[in-house]
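Structure, as structure tokens:
For reference, positions follow the sequence shown, starting with 1.
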Amino acid sequence: MGTTWGTIGGVFGVSLGVTVLVVVMFSLGVAAWARAGGGTPRHGRLDTVAAAAAVVCFAACLAIAAYGIELIIPG
């Protein structure tokens, strides 16, 4: 039983890529949320677009985390 280094490298690469993706998506969500006013009620078109972008970024992070948990703990 040998070690398949190519497979280990592939898992490392995918893990690193997904980690970078989640960090970037979360950072973009925080930046969009700050641009939208951080929850203070304002009524501008750009504020609405920024809030929607923040929600999409946070939802993507949540979906990736949920999928990772589903992979670890099959239900």
Side-chain angles (χ1 to χ4, degrees):
M1 199 163 126
T3 303
T4 309
W5 291 105
T7 304
I8 293 174
V11 169
F12 176 75
V14 169
S15 299
L16 184 65
V18 170
T19 301
V20 169
L21 175 69
V22 169
V23 168
V24 167
M25 290 299 290
F26 192 81
S27 298
L28 289 174
V30 168
W33 185 253
R35 182 168 296 229
T40 57
R42 297 189 304 188
H43 300 290
R45 182 176 183 275
L46 292 177
D47 297 335
T48 305
V49 171
V55 168
V56 168
C57 288
F58 292 141
C61 290
L62 183 64
I64 291 170
Y67 181 67
I69 291 171
E70 178 67 26
L71 286 176
I72 294 169
I73 306 170

- Message: With a 4.5 Å cut-off on side-chain heavy-atom distances among I, L, V, M, F, W and Y, is there a chain of contacts connecting Val14 to Ile64?
- Response: yes
Return the [atom1] to [atom2] distance between [X] and [Y], rounded to the nearest 0.5 Å.
{"X": "Arg35", "Y": "Asp47", "atom1": "CZ", "atom2": "CG", "answer": "10.0 Å"}
{"X": "Leu28", "Y": "Cys61", "atom1": "CG", "atom2": "SG", "answer": "9.0 Å"}
{"X": "Ile8", "Y": "Thr3", "atom1": "CD1", "atom2": "OG1", "answer": "5.5 Å"}

- Closest non-hydrogen atom pair between Phe58 and Gly29, with its separation: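 Reported closest heavy-atom pair: CZ-C, 3.5 Å.
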- Query: Where is the tightest heavy-atom contact between Thr19 and Ser15, given as atom of each residue plus distance?
  - Reply: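 Smallest interatomic distance, heavy atoms only, reads OG1-O, 2.7 Å.
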- Message: Tell me whether Phe26 at atom CZ has more than 12 heavy atoms from other residues, nucleotides or ligands lying less than 6.0 Å away.
- Response: no
- Item | Partner set under side-chain contact (heavy atoms from CB on, under 4.5 Å) for Ala51, not counting sequence neighbours | Ala36
